2 protein chains.
Amino acid sequence: MTLSNAEEQLMQLLWKKEKAFMKDLIDAYPDPKPATTTIATLLKRMQDKNFVDYVQYGRSREYFPLVKKKVYFSKQVNGMIKNFFNDSAAQFASFFTKETDLSQEELEDLKKLIDQRLKEERK
Amino acid sequence: MTLSNAEEQLMQLLWKKEKAFMKDLIDAYPDPKPATTTIATLLKRMQDKNFVDYVQYGRSREYFPLVKKKVYFSKQVNGMIKNFFNDSAAQFASFFTKETDLSQEELEDLKKLIDQRLKEERK
DNA sequence: GATTGTGTTCTACAAATGTAGAAATAAATT
DNA sequence: AATTTATTTCTACATTTGTAGAACACAATC
């Protein structure tokens with residue numbers, strides 16, 4: 001099951017806020033803001049897909065994500081790796097460092113990160 | 001303009017083959033193969049979106065991609081970076097190295113790659 | 001207690017997507 | 001020349017997506 005674009009956008013907002021009432025979500029949209037019924041529809045569809053749930057607070061609901069951004073994101077990336085790189089994360093990584101513009105500092109940081117990981121693995 | 005899932009799948013085949021007649025594309029699908037008219041429809045829609053073109057060879061057409069896999073892919077990644085990481089490729093990179101399972105060798109390779117890039121930049 | 005603000009549910013509808021039949025066409029083969 | 005094969009174009013139709021009005025509900029406020 002996947003989120004559509006509009007749903008994913010809304011999910012991003014929810015992830016950022018961790019939990020939110022409809023009003024907060026709509027406020028977070030840039031103008032022109034969608035109709036409340038639009039958001040209500042999206043939220044319901046997302047519930048059906050088991051991406052969000054809510055807690056009833058008095059008469060209104062506080063929504064929260066059922067899926068962690070990390071997990072969702074990983075699936076996205078893994079999908080791409082599968083589709084574009086024959087399932088090789090290394091190939092992806094190589095491509096990634098070549099084709100995105102990381103500044104020198106960013107490259108240094110990334111290198112440090114990899115070093116750390118390598119050290120950890122040696123333990 | 002984006003490709004739908006079915007379209008993207010077909011595009012992958014076309015990228016792999018570089019160019020192909022409809023028959024070749026359909027052959028490349030796993031069973032159950034889609035109807036030829038299905039593929040014809042997708043190809044036409046992809047033409048409309050300017051993702052493929054063809055050369056008329058006799059009575060039939062040899063299709064080829066108008067958009068490089070690299071370019072298409074970069075846009076995808078950049079979209080994700082924008083959505084998930086506030087436009088920071090570095091943040092993405094960090095996440096990526098943490099959350100995908102790169103083997104030790106792959107990490108080493110990636111490190112080498114980064115070193116090369118850093119050297120180049122210093123020239 | 002009447003009014004207002006918020007949220008929910010139901011319904012609707014246009015556009016996009018996934019899929020394919022029918023009919024036409026033309027090249028290749030018998 | 002008649003038949004078969006490959007392809008295309010047109011049309012169709014169910015599903016999903018993006019978007020929102022109408023109507024109802026209830027809590028807060030005047």
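Model, not experiment: these values are computed from the prediction. Computed over heavy atoms, backbone and side chain alike; hydrogens, waters and symmetry mates excluded. First the proteins, then the strands, lettered A, B, ... as listed; each starts at 1.
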Strictly below 4.0 Å: does B:Lys49 bring a side-chain N or O up to OP1 or OP2 of C:dT17?
yes

Nearest-Å distance, CG (B:Asn5) to P (C:dT17)?
9 Å

To the nearest 0.5 Å, what is the distance between NZ on B:Lys112 and CD on B:Glu108?
6.5 Å

Over all strands shown, is B:Thr36 touching base, sugar-phosphate only, or nothing at heavy-atom distances under 4.0 angstrom?
base

To the nearest Å, give me how far apart CD (B:Gln56) and P (C:dA26) are.
11 Å

If Ile, Leu, Val, Met, Phe, Trp and Tyr residues are connected whenever their side-chain heavy atoms lie under 4.5 Å apart, and connections chain through other members, are A:Phe84 and A:Phe73 in the same group?
yes

Give the rounded distance in Å between these two atoms: CD of B:Glu8 and C1' of C:dA16.
16 Å

Side chain proximity check, B:Phe51 to B:Leu14, heavy atoms < 4.5 angstrom
no

Taking the nucleotide of DNA chain D with the closest heavy atom to each, which residue, A:Thr2 or A:Thr38, is nearer the 5' end?
A:Thr2

Do A:Gln9 and A:Tyr29 pass the side chain to side chain donor-acceptor pair (under 3.5 Å) test, and can you show the C-alpha distance, the side-chain angles, and the key distance before you say yes or no?
CA-CA 10 Å; A:Gln9 194 188 167; A:Tyr29 274 85; 4.8 Å; no

Is any side-chain nitrogen or oxygen of A:Lys44 closer than 4.0 Å to OP1 or OP2 of C:dT9?
yes

As a quick check of understanding, evaluate side chain to side chain donor-acceptor pair (under 3.5 Å) for A:Tyr54 and A:Gln47, giving each step before the final call.
CA-CA 9 Å; A:Tyr54 59 84; A:Gln47 286 165 54; 4.7 Å; no

If you count every heavy atom of other residues, nucleotides or ligands that lies below 6.0 Å from A:Gln56 atom CD, does the total exceed 12?
yes

What is the nucleic acid contact for A:Ala40, judged by heavy atoms within less than 4.0 Å: base, sugar-phosphate only, or nothing?
base

Between B:Tyr63 and A:Ala35, which residue's closest nucleotide on DNA chain D lies nearer the 5′ terminus?
B:Tyr63

Roughly, in whole Å, what's the span from CG in B:Leu42 to P in C:dT17?
11 Å

Rounded interatomic separation in angstrom, taking CE from B:Met46 and P from C:dG18:
11 Å

Looking at B:Asp27 and B:Lys23, does any basic side-chain N land under 4.0 Å from a carboxylate oxygen?
yes

How long is the line joining CG of B:Leu43 and P of C:dG18, in whole Å?
14 Å

Reading DNA chain D in the 5' to 3' direction, which nucleotide is the first one with an atom under 4.0 Å from a heavy atom of chain A, and which is the last?
D:dT17 to D:dA27

For B:Arg45 and C:dT19, what is the distance between atoms CZ and P respectively, to the nearest whole Å?
10 Å

Just to be sure I understand the rule, does B:Ser4 reach a base, reach only the sugar-phosphate, or reach nothing, if contact means heavy atoms closer than 4.0 Å?
sugar-phosphate

To the nearest angstrom, the CD1-P distance between A:Ile39 and C:dG7 comes to 11 Å

